[in-house]
Amino acid sequence: MAGHAAAPSIDASLAGPISRAAALVAGARCVVALTGAGLSVESGIPPFRGPGGLWTKHGEPPLDGYQRFLRDPRRSWQERLSPSEGWAVALHETLAQARPNAGHLAFARLEKLGRCDALITQNVDDLHRQAGSRNLLEIHGNHRLLRCIGCMRRFAEGELAIDPQELPPRCPDCGGIVKGDTVHFGEPIPADVLRGCFEAVERADCMLVAGTSATVFPAAEFPFEVLRRGGCVIEINPYESELTPMATLSLRGPGGAVLAQLAAEVAAALEGAA
Ligand code: APR
């Protein structure tokens, strides 16, 4: 995995659209971001769909993942502790080695500039957190955390002793079953995170959408909700997505380079206005 290819550069024709996007972000009342797997591609993590996607290669996982967990949590834990399925092994390895890229760092910079009031990510890879983003809503969970399905308490790595002889682990607070924080297909999104997402979307008059095919709900609904309420939506994606026809601006380039340029221009605009 060492020696990643140099970050893809951006086409000169994007200069004007990026400046327009920067002006929208700098002038907005409340900016909220939505990110997906594409943002972590430049960190070496494959997307799910499209060229080189995990599901494209290994097929979509069963949509009743959560029901399977509830039926046999011990077996699911054994699979978690030593994954056997092709896609799980591949994902496990890349997640362990991945580091934030210029796209993640750009969102952390926008937050410091007061231009990212909330960041909703569909990614479980922890890279936004490692990049320094704090207004974070991990709608599909975080692969480094555990969560009690009874009281929803979350546990950081190492906070809960896992005894392979005593699976599934139990919550020290309520005795509930503990699972990985990653939201399985078929599992309800934890209420605290979902509420945070709806509240953020309601406040936003500008949404930055980076690296998502906008195909999985409820996250895919959020940009359309911002548009319905008269806000603007700026998409960053090298390829067209479900959102492209509706977006206020669609920046057709790689997340890392485009977002780094966008954040730099927002910083300059705010400095100029100061
Ligand atoms: N920069 C930005 N976007 C990129 C890049 C890049 N370098 N490379 C690819 N993309 C775009 C693709 O064009 C695609 O539109 O990222 C998107 C990735 O789409 P998906 O693989 O469908 O990922 P995502 O939208 O996050 O999937 C949503 O589906 O399987 C579930 O739980 C999983 O959170 C995931 C959800």
Side-chain angles (χ1 to χ4, degrees), residues 4-11 14 18 21 33-66 85 87-88 90-91 94-95 98 100-107 119-128 136-143 180-190 193-194 197 207-224 233-247 249-262:
H4 279 311
S9 62
I10 41 182
D11 193 285
L14 270 178
I18 292 178
L34 173 65
T35 67
L39 193 72
S40 297
V41 163
E42 293 156 54
S43 295
I45 305 178
F48 294 99
R49 298 168 188 82
L54 269 177
W55 305 159
T56 314
K57 268 198 271 178
H58 300 284
E60 289 242 359
L63 295 180
D64 63 345
Y66 188 51
E85 295 185 54
W87 65 269
L91 192 56
T94 50
L95 286 175
N101 63 56
H104 300 104
L105 298 171
F107 278 115
L119 197 164
I120 303 169
T121 187
Q122 299 167 85
N123 302 343
V124 300
D125 56 31
D126 195 56
L127 296 183
H128 281 299
L136 206 47
L137 292 158
E138 295 168 307
I139 192 170
H140 295 158
N142 182 312
H143 82 106
D181 185 41
T182 300
V183 176
H184 284 163
F185 279 111
E187 181 176 358
I189 306 270
V193 178
L194 197 54
C197 293
M207 180 169 259
L208 282 168
V209 181
T212 182
S213 57
T215 52
V216 174
F217 291 78
E221 183 61 28
F222 298 154
F224 296 96
V233 166
I234 299 161
E235 177 184 45
I236 298 103
N237 196 322
Y239 309 102
E240 293 223 350
S241 78
E242 299 291 318
L243 179 62
T244 307
M246 302 293 289
L249 269 176
S250 193
L251 308 177
R252 192 71 56 249
V258 172
L259 285 158
Q261 179 67 24
L262 179 68

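Order of listing sets the numbers, starting from 1, for every ligand and every atom in it.
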Check: Should you measure from each heavy atom of Tyr239, which atoms of ligand 1 turn up under 4.0 Å away?
Finding: 13 (O)

Notebook entry, point to check: Does ligand 1 have a heavy atom under 4.0 Å from the side chain of Glu60, from its backbone, from both, or from neither?
Noted result: neither

Next item on the list: Examine Phe48 against ligand 1 and note whether any of their N/O atoms are separated by less than 3.5 Å.
Entry: yes

Next item on the list: Only heavy atoms count here, so choose which of Gly256, Ser43, Ala219, Ser213 is nearest to atom 19 (O) of ligand 1.
Entry: Ser213

Next item on the list: Supply the atom-to-atom distance Thr182 OG1 to Asp125 CG, rounded to the nearest 0.5 angstrom.
Entry: 10.0 Å

Next item on the list: Pull out every atom of ligand 1 sitting under 4.0 Å from any heavy atom of Gly211, numbered as shown with elements.
Entry: 2 (C), 3 (N), 16 (O), 17 (C), 18 (C)

Next item on the list: With side-chain hydrogen bond (donor to acceptor under 3.5 Å, both in side chains) as the test, would you mind laying out the steps for Asn142 and Asp181 before giving the verdict?
Entry: CA-CA 6 Å; Asn142 182 312; Asp181 185 41; over 6 Å; no

Check: Is Val216 touching ligand 1 with its side chain, its backbone, both, or neither, if touching means heavy atoms under 4.0 Å apart?
Finding: side chain

Next item on the list: Please step through side-chain hydrogen bond (donor to acceptor under 3.5 Å, both in side chains) for the pair Gln122 and Thr35, ending with a clear verdict.
Entry: CA-CA 6 Å; Gln122 299 167 85; Thr35 67; over 6 Å; no

Check: Which word best sums up how the rings of His128 and Phe107 line up, parallel for under 30°, tilted for 30 to 60°, or perpendicular for over 60°?
Finding: perpendicular

Next item on the list: Kindly identify the option in Glu42, Arg252, His140, Glu242 whose heavy atom sits closest to atom 7 (N) of ligand 1.
Entry: Glu42

Item checked: Residue part near ligand 1, for Arg49, under 4.0 Å between non-hydrogen atoms -> both

Notebook entry, point to check: Relative to the heavy atoms of Pro47, which atoms of ligand 1 are at a distance of less than 4.0 Å?
Noted result: 21 (O)

Note to self: Would you say that more than 12 heavy atoms from the other residues, nucleotides or ligands in this model lie under 6.0 Å from the CZ of Phe217, or not?
What the structure shows: yes

Margin query: Could you tell me, atom by atom, which parts of ligand 1 come under 4.0 Å of a heavy atom of Ala37?
Written below: 23 (O), 24 (P), 26 (O)

Next item on the list: Quick one: look at Phe185 and ligand 1, take heavy-atom pairs under 4.0 Å, and tell me if it's side chain, backbone, both or neither.
Entry: side chain

Notebook entry, point to check: Any heavy atom of Pro238 sitting closer than 4.0 Å to ligand 1?
Noted result: yes

Note to self: Measuring from atom 25 (O) of ligand 1, which candidate in Asp125, Thr212, Asn237, Thr244 has the nearest non-hydrogen atom?
What the structure shows: Thr212

Notebook entry, point to check: Can you list the atoms of ligand 1 that are under 4.0 Å from a heavy atom of Gly36?
Noted result: 26 (O)

Next item on the list: Identify, by atom number and element, the atoms of ligand 1 in contact range of Gln122, meaning under 4.0 Å from any of its heavy atoms.
Entry: 28 (C), 34 (O)

Next item on the list: Using modelled atom types only, decide if a donor and an acceptor are shared between the side chain of Ser250 and the backbone of Ala247 within a distance under 3.5 Å.
Entry: no

Note to self: Run Glu242 and Ser213 through side-chain hydrogen bond (donor to acceptor under 3.5 Å, both in side chains) and show every step you take.
What the structure shows: CA-CA 6 Å; Glu242 299 291 318; Ser213 57; over 6 Å; no

Check: CG of Asp126 to CG of Leu95: how many Å apart, nearest 0.5 Å?
Finding: 9.5 Å

Notebook entry, point to check: How far does CG of Leu251 sit from CD1 of Ile10, to the nearest 0.5 angstrom?
Noted result: 9.0 Å

Next item on the list: Run the numbers for me: atoms of ligand 1, each under 4.0 Å from some heavy atom of Trp55, listed by number.
Entry: 30 (O)

Check: Roughly how far, to the nearest 0.5 Å, is NE2 of His104 from OG1 of Thr121?
Finding: 7.0 Å

